[in-house]
Amino acid sequence: MNQNLRNIAIIAHVDHGKTTLVDKMLAQSGIFRANETVRERVMDSNDLERERGITILSKNTAVRFGDIKINIVDTPGHADFGGEVERILMMVDGVLLLVDAFEGCMPQTRFVLKKALALHKKVLVVINKIDRPGARPAEVLDEVLDLFIDLGADDDQLDFPVVYASAREGYATLDPDVPSDNVKPLLDAIVEHMDAPNNEVAGAAQVLISSLDYDDYIGRIGVGRVERGTIARGQTLTLCRGDGTTANVKVARLYNYEGLRRVECEEAAAGEIVCVAGIADLGIGETLCDPDCVEPLPFVHIDEPTIAMNFIVNNSPFAGREGKFVTSRNIRDRLFKEVETNVSMRVEETESTDTFKVSGRGELHLSILIETMRRQGYEFAVSRPRVIYKEKDGVRLEPIELLIVEVPGDYTGVVIEKLSQRKADLVDMSPRDGGSTHLEFHIPSRGLIGYRSEFLTDTNGNGIMNQIFHGYEPYKGDISTREHGSIVAHETGVSTAYGLFNTQTRGRLFIGAGVEVYEGMIVGENAKDEDLVCNICKLKHLTNTRASGSDDALRLTPPSNMSLEQNMEFLGDDELLEVTPLSLRLRKKYLTKEQRVKAANRKEG
C-alpha cells in the first residue's frame with residue numbers, strides 16, 4: 001500500500017463548480033510558475049467545453065500536498081456523458097461529491113452518487129457556492145443525507161465527512177459561517193478521509209485501461225490504474241482484449257501525472273494512475289497483465305444508449321460545396337473511430353451503404369459528436385432523434401426520464417399542462433424560496449424531444465429543466481410532439497425580400513434575403529400543423545404603373561437563427577438536417593412535392 005498517494009474523482013451535477021474547484025486546487029498547490037498566465041477552467045481544454053461551459057471528457061491531473069500526491073479526475077456532470085463517469089470511477093478509491101448550496105441535489109447528483117455507492121467508493125461531500133445569494137447549506141446537507149438513504153447507502157457510507165467551499169473565491173472551510181482564504185481544509189479532508197490505494201505491490205503486474213487518449217507523435221495512449229505489482233517502461237506484457245483473445249505487447253513509453261502535464265517515468269507501482277504508449281490496438285476495459293500471470297479484470301457495466309439517429313451521406317443539391325470529408329467511407333471511418341473511445345455510443349451499419357445508425361445516451365451526447373465532426377470538416381445529414389425500444393415478455397418497453405423542473409409559480413400551470421400532453425406523470429411538487437416551484441415528472445424520453453425550446457418560450461426563459469434516465473416502462477401510447485408544419489422552398493434560387501415578405505405572415509422564417517436555397521429546403525415554421533410550399537425566390541415584376549406607397553421599403557421580421565440542438569428538436573419524421581462545416585440546413589427527405597406525395601401514399605398503403 002502506498003500511503004503517500006490518493007486517487008479521487010470529482011463528481012457533480014453540471015455547472016455546480018467541479019472544474020473551477022480543480023482550478024483553485026491546482027493554483028494553490030504551486031504547480032504554476034509565478035509569472036505563468038493561466039486561463040479560467042484550465043481543465044476544460046476542448047473548444048466545445050469552453051464554449052458551452054460544461055465538461056464533456058474526463059481528464060486527469062495531480063497536485064502535491066506536502067508529501068502526499070493526489071491524483072484528481074474531473075468528470076462530466078451531464079448524464080448524457082455518464083459513460084465517462086462510470087469507467088473513471090474504476091480508477092479511483094474515493095469521490096468528492098460537489099453539491100450547489102442553492103440548487104441542492106439535482107438529477108445528475110443522484111446519478112453519479114448511485115454509481116459511486118454501488119462501487120463502494122468513499123464519499124467526501126463538498127457543499128459549494130456557500131457565498132451565493134440564497135445559499136442554504138444546512139438544508140442542502142439534509143437533502144444529501146436523504147439522497148444517501150434513498151440510494152441504500154450502508155452505515156459507513158452514511159457517516160460521510162463534509163466540507164463547505166466557494167470555488168469561485170478559492171476557499172474551503174469546515175464551518176459555512178467562517179470563510180477561510182485557501183482550500184487547505186479540503187486538501188486536509190482528502191488526506192484524512194480518503195483511503196490510500198489498497199493494491200498489492202509485490203504481485204504480478206496488472207493494469208486496467210479505463211480511458212484512451214491520442215497524441216500525434218506517439219499514437220494511442222491508454223490511461224488506467226496499476227491494480228497490482230509494478231509496471232516499467234520497455235516491459236513486455238500480455239494484453240487481454242474484450243473479445244477474450246490475448247497478445248504480447250511492449251510498453252514503449254510510460255507516463256504519470258504532475259499537475260496538468262504527463263511526465264515520463266521509468267516505472268510505476270500498484271495504485272498509481274499511469275499512461276501507457278506504444279500499443280496500437282489498445283481498447284477501453286482491457287487489461288495488461290504479466291505474461292506469467294494472465295488474469296483479466298472485469299470491467300464496469302456501461303448503461304445502454306437510449307436515443308438513435310441516422311447519419312446519412314449528404315445528397316442535397318448543395319452537397320460537397322463546403323465539406324472536406326463527404327463520402328460514406330469518410331463518415332464510416334470517423335464514426336467507428338469515435339466508438340473506440342466513446343464507450344457509451346454505438347454505431348451500426350444499415351442495409352444502405354450511405355446510412356449509419358448511431359445510438360447514444362441523449363440528444364446532447366449525439367449533438368456533441370455532430371458538432372465535433374462538422375468542425376473537423378465533415379459534411380453529412382442526420383435524421384430525427386428517436387428512442388430505442390425494448391421487448392420483454394411480449395411487452396413493448398420504452399425509456400422513461402426523471403425530469404426535474406424549477407419554474408416561477410406563475411408558469412407552473414402551463415408547464416404541467418404541456419407535459420401531461422406528452423404523457424408525463426407528476427410525482428412531486430413543492431414550493432421553493434423566492435416564489436419558484438420545484439416539479440418532478442416521469443416522462444417518456446420521446447416526449448422530451450423538441451420540448452426544450454417550447455419550455456423556454458412558455459416560461460419566458462425563466463425555467464430550468466434537467467433530466468436523467470429513470471428506467472424502462474411499458475409503452476405509454478402515441479404522443480403528438482410537433483404542432484406546426486414546415487415552410488418549404490418551392491424552387492432552387494436565391495431568397496428575395498419580396499418573396500419572404502409575402503411568406504412571413506404564414507409563420508416563422510429561418511432565413512433572410514439573399515440566401516441560396518433549393519427545392520425541398522425548409523425555410524420556416526408554418527403557424528398551422530401542415531406543410532406549406534412557398535416561392536421565396538419570387539421577384540417583383542417592374543412596370544410603368546405606380547401606386548401610392550407601392551415602392552415603400554419591405555419590412556422583414558428578423559429570421560430565427562437556431563442552434564444545432566434546436567434544429568435537431570425541430571426535425572419531423574420525414575425531414576433531415578444537412579450538416580456542413582459552414583451551414584446547418586433543414587430539408588425534406590424527399591425534395592420534390594411529387595416524391596413526398598408518393599412517399600405519403602406508400603406509407604398509408
Side-chain angles (χ1 to χ4, degrees), residues 310-328 330-331 352 354-355 370 374 377-384 482 484-528 530-542 554 556-564 566-568 570-603:
N310 285 338
F311 281 54
I312 306 162
V313 174
N314 187 18
N315 62 358
S316 84
F318 294 170
R321 286 191 182 185
E322 300 170 356
K324 184 179 177 184
F325 307 107
V326 298
T327 66
S328 60
N330 293 145
I331 296 169
S352 169
D354 290 347
T355 304
I370 293 169
R374 75 180 282 227
Y378 288 85
E379 180 178 311
F380 52 96
V382 295
S383 67
R384 185 185 192 214
R482 176 130 165 224
H484 302 281
S486 301
I487 299 176
V488 185
H490 172 262
E491 62 183 6
T492 301
V494 177
S495 61
T496 64
Y498 182 67
L500 291 171
F501 180 76
N502 292 322
T503 305
Q504 68 181 4
T505 56
R506 313 296 292 273
R508 178 170 63 118
L509 291 176
F510 299 154
I511 65 166
V515 176
E516 278 195 279
V517 298
Y518 53 80
E519 182 182 4
M521 181 172 155
I522 296 168
V523 296
E525 179 184 51
N526 189 7
K528 297 181 179 178
E530 59 189 13
D531 289 343
L532 178 69
V533 178
C534 289
N535 185 2
I536 60 164
C537 304
K538 183 162 57 175
L539 292 168
K540 183 178 181 182
H541 293 292
L542 300 178
L554 300 175
L556 290 180
T557 305
S560 297
N561 293 317
M562 298 202 294
S563 67
L564 172 60
Q566 288 171 326
N567 277 301
M568 288 168 60
F570 180 82
L571 282 173
D573 292 329
D574 64 336
E575 296 168 355
L576 298 174
L577 173 62
E578 181 184 347
V579 180
T580 77
L582 302 178
S583 310
L584 294 171
R585 300 185 189 97
L586 291 162
R587 52 162 286 194
K588 286 291 181 182
K589 196 175 291 185
Y590 300 101
L591 295 178
T592 67
K593 190 172 183 179
E594 292 75 17
Q595 288 175 324
R596 294 196 291 274
V597 171
K598 286 178 183 177
N601 290 337
R602 283 199 302 270
K603 194 173 181 182

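Values below: all heavy atoms of this structure, side chains included; hydrogens, waters and symmetry mates excluded.
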For residues 485-508, the salt bridge (charged side-chain N to carboxylate O under 4.0 Å, His left out) pairs (sequence neighbours left out) are R508-E525

Residues which pass side chain to side chain contact (heavy atoms under 4.5 Å, CB included) with [X], listed by chain and number, not counting sequence neighbours:
X    : value
E530 : N526, K528
N310 : I312, T355, K357, S383, R386
D354 : V313, S328, S352
V326 : E379

Contacts of R596 meeting salt bridge (Lys or Arg N to Asp or Glu O under 4.0 Å) (sequence neighbours excluded), chain-then-number -> none

For D531, enumerate each residue passing the salt bridge (Lys or Arg N to Asp or Glu O under 4.0 Å) test, keeping only those at least two apart in sequence or located in another chain.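 Only K588 meet the salt bridge (Lys or Arg N to Asp or Glu O under 4.0 Å) criterion with D531.
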
Please report the shortest heavy-atom distance between [X] and [Y], naming the atom on each side.
X    : Y    : answer
E322 : L582 : OE1-CB, 3.5 Å
K538 : T496 : O-OG1, 2.6 Å
I536 : I511 : CD1-CD1, 3.6 Å
Q595 : L591 : OE1-N, 3.4 Å
G323 : P581 : CA-CD, 3.7 Å
G524 : F570 : O-CZ, 4.3 Å

For the residue pair E575 and S486, establish whether any side-chain heavy-atom pair is separated by less than 4.5 Å.
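Yes, close enough: below the 4.5 Å cut-off.
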
*asked:* Show, in sequence, the C-alpha distance, side-chain angles and deciding distance for V488 and V523, and conclude whether the side chain to side chain contact (heavy atoms under 4.5 Å, CB included) test is met.
replied: CA-CA 6 Å; V488 185; V523 296; over 6 Å; no

### Query
Counting only N and O atoms by type, is there a donor-acceptor contact under 3.5 Å from the side chain of R587 to the main-chain atoms of G520?
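Checking the backbone N and O of G520 against the side chain of R587, no donor-acceptor pair under 3.5 Å is found.
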
Exercise for review: State whether the side chain of S316 and the backbone N or O of F318 hold a donor-acceptor pair below 3.5 Å, judged by distance alone.
Suggested key: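 Flag set: sc S316 to bb F318 pair under 3.5 Å.
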
Nearest 0.5 Å please: distance from the [atom1] atom of [X] over to the [atom2] atom of [Y].
X    : Y    : atom1 : atom2 : result
Q504 : L509 : CD    : CG    : 6.5 Å
F501 : T557 : CZ    : OG1   : 9.0 Å
N502 : N535 : CG    : CG    : 9.5 Å
L577 : M562 : CG    : CE    : 8.5 Å

Which residues satisfy the side chain to side chain donor-acceptor pair (under 3.5 Å) test with [X], sequence neighbours excluded?
X    : result
T492 : none
S495 : none
N330 : T327

Validation: residues 512-519 side-chain donor-acceptor distances under 3.5 Å, sequence neighbours left out:
{"residue": "E516", "atom": "OE1", "partner": "R321", "partner atom": "NH1", "Å": "3.0"}
{"residue": "E516", "atom": "OE2", "partner": "R321", "partner atom": "NH1", "Å": "3.4"}
{"residue": "Y518", "atom": "OH", "partner": "E578", "partner atom": "OE1", "Å": "2.6"}

Are V382 and L576 close enough, and set up right, to give a side chain to side chain contact (heavy atoms under 4.5 Å, CB included), and what steps lead you there? CA-CA 6 Å; V382 295; L576 298 174; over 6 Å; no

TODO: Would you sort out whether L586 and F510 count as a side chain to side chain contact (heavy atoms under 4.5 Å, CB included), showing the intermediate values?
DONE: CA-CA 9 Å; L586 291 162; F510 299 154; 3.8 Å; yes

Checking L584 against L564 for the side chain to side chain contact (heavy atoms under 4.5 Å, CB included) test, could you report, in this order, the C-alpha distance in whole Å, the side-chain angles of both residues, the deciding distance, and whether it holds?
CA-CA 7 Å; L584 294 171; L564 172 60; 4.1 Å; yes

Taken in chain and number order and not counting sequence neighbours, the residues that satisfy ring-ring contact (aromatic ring centres under 6.0 Å, His included) with Y590 are none

Donor-acceptor pair between R585 and N314 side chains, under 3.5 angstrom: no

If you measure from the Lys or Arg side-chain nitrogens to the Asp or Glu carboxylate oxygens, is any gap between D573 and R384 under 4.0 Å? yes

